[in-house]
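Throughout, protein chains are lettered first and strands after them, A, B, ... in sequence-line order, and every chain is numbered starting at 1.
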Amino acid sequence: MEQLVRFDPGLIFWTWTTFFIVLAILAWKAWRPMIRALEKREARIHNALEAADKARQESEELTAKVQEDIRQSRQEAQQILANARSAAEKVRIDLEDAAKNKADELITKAHEQIDAEREQALREIRATVVDLSLSLAGKVLERNVTTEDNKKLVEESLRRIGKA
Amino acid sequence: MAAEEHGENIGTIILHHVSNSETLVPLHLFGLDISITKHVIMLWLAGALVTTGFLLGTRRYRKEEQPIPSGFANFLEFVVDFIHNQIVVPNVGRRYALFWSPLILAFFTLILTANFLGLIPFFDLIPGGGTATSNINVTGSLAFVTFMAVIVAGSLAHGVIGHWRNMAPKGVPWPVLFILVPIELLGMVVRPFALTMRLAANMTAGHIAMLAILAPIFLMANAWVGIGSVALNVGINFLEIIVALVQAYVFTLLSSVFIGAAIHVEH
């Protein structure tokens, strides 16, 4: 049994020699370069993912901005359209009003003219009727009815007729 | 009587199979007996396999700025990545990881290779045990490296005096230190001792079990017994593969935990 736990300085020497030679060669030639490469790759992947994330975020922001712009433009266009519509309506109403006013004015003027002309005609008719009446009465009475009094009398009676 | 004699023989054979061989090539250096034995050869073989494997597999890492692994390099990268990112970085911390990862990797690859070499029956053609890591001189030497690494790690992180002062945590009433400091000093020695015994005992036990299970074939001189023995041994061999992996992992993990504990003093 004692051979299982026998102290063996030679083996200890060789263990250390072998261990440290392997450690020195591989740490220098294999493990450090590998770990560095692994860490570099990790950093690169990390950076790439971050960049992709950033790009995605930026594009999302850009999309949102573009959409906002479109929304605003649409709103503006609608506003412009509404403004134009109301302006056109106003112009239409104005024009209509102006035309109506003009027509009313014309009608009023025509009425006034007609009234004036009718008055004139009535006046002329009245004068003619007075003259005719007087000449007729003169002929009937065989005497000249030229006195101012008579003329006034007839005009008054005619005015009464006109009023009635 | 014959069976008893036979049994003694079996015991000797088993012991012979799990312990180091006698001197194969006598060698001396400054009065120190550094003769080549079977465990030395198995150790060299493990070292040579690990070194050539990694040197051949990582040529691209020495040539290219951003190497893309393929084939065998993928496997090596998996091992290095596992040790570095799953064992060293969580325990030792990112700051000292690059410094300590090679040591931990050397532990893992050498112990694992030596463990697996011991499982290959081919090496039983040379007399003596095939598993270098079943020898406490080998595991003890490796554990001593951990022991020294803990001191170096603590000294690098806290200064030489600072490392030893960490044995006496701040804010503890001074009478308690009379108990605490001896416990800490004891722990310093017990940890590598536990590493030594755990690895050596685990690597020896499986071989003893397998040989003991095969023994009835010869004890009873009956080939039919072999059916049961061999079937059982196949199972144990699979178990041994797991044990070889687990023990390499445990030695590696505990080493980095001890080194990490010296850097990140918790109390």
message = At a 4.5 Å cut-off on heavy atoms, which part of A:Lys29 comes close to chain B: side chain, backbone, both, or neither?
response = both

key: Under 4.5 Å from a heavy atom of chain B, the part of A:Phe19 involved   = both

key: Distance-minimising heavy-atom pair for A:Thr18 and B:Gly47   = CG2-CA, 4.3 Å

key: Separation of A:Ile35 CD1 from B:Phe99 CZ (nearest 0.5 Å)   = 12.5 Å

query = So B:Asn85 and A:Glu42, side-chain contact (heavy atoms from CB on, under 4.5 Å) or not? Walk me through it.
reply = CA-CA 11 Å; B:Asn85 282 323; A:Glu42 204 182 302; 4.1 Å; yes

inquiry  = So B:Leu98 and A:Arg32, do their side chains get closer than 4.5 Å, heavy atoms only?
reply    = yes

note = Most contact-rich option vs chain B, by heavy-atom pairs under 4.5 angstrom, among A:Arg41, A:Glu39, A:Arg36, is A:Arg41

ask   = Run the side-chain contact (heavy atoms from CB on, under 4.5 Å) check on B:Trp44 and A:Ile21 step by step: do they pass?
value = CA-CA 10 Å; B:Trp44 284 350; A:Ile21 287 174; over 6 Å; no

Proximity of residues 137-147 of chain B to chain A, residues having a non-hydrogen atom under 4.5 angstrom = B:Asn137, B:Val138, B:Ser141, B:Leu142, B:Phe144, B:Val145

key: Atom CZ of B:Phe116 with >12 non-hydrogen neighbours under 6.0 angstrom   = yes

task = Would you sort out whether B:Ile36 and A:Trp14 count as a side-chain contact (heavy atoms from CB on, under 4.5 Å), showing the intermediate values?
result = CA-CA 9 Å; B:Ile36 310 302; A:Trp14 283 121; 3.9 Å; yes

query = Is the count of non-hydrogen atoms from other residues, nucleotides or ligands lying under 6.0 Å from A:Phe20 atom CZ greater than 12?
reply = yes

task = Can you see which heavy atom on B:Pro102 is nearest to which on A:Leu23, and at what distance?
result = O-CD1, 3.3 Å

inquiry  = Quick check on B:Arg95: does its CZ atom have over 12 non-hydrogen neighbours (other residues, nucleotides or ligands) under 6.0 Å away?
reply    = no

key: B:Leu76 versus chain A, the contacting section by heavy-atom distance below 4.5 Å   = both

message = Taking side chain as everything from C-beta outward and backbone as N, CA, C, O, which of these in B:Thr51 sits under 4.5 Å from a heavy atom of chain A? Side chain, backbone, both or neither.
response = both

inquiry  = Does any backbone or side-chain atom of B:Ser134 lie under 4.5 Å from a heavy atom of chain A? Answer side chain, backbone, both or neither.
reply    = neither

query = With chain B, which of A:Ala30, A:Ala37, A:Pro9, A:Ala27 has the greatest number of heavy-atom pairs at distances under 4.5 Å?
reply = A:Ala30

inquiry  = If you count every heavy atom of other residues, nucleotides or ligands that lies below 6.0 Å from A:Gln57 atom CD, does the total exceed 12?
reply    = no

task = Tell me, for A:Leu26 versus chain B, whether the close heavy atoms (under 4.5 Å) come from the side chain, the backbone, both or neither.
result = side chain

task = Please flag which part of B:Leu43 lies under 4.5 Å from any non-hydrogen atom of chain A: side chain, backbone, both or neither.
result = both

ask   = Name the one of A:Thr15, A:Leu11, A:Asp8 that satisfies side-chain contact (heavy atoms from CB on, under 4.5 Å) with B:His39?
value = A:Leu11

query = Going from CG on A:Leu38 to NE2 on B:His84, what distance comes out if it is rounded to the nearest 0.5 angstrom?
reply = 7.5 Å

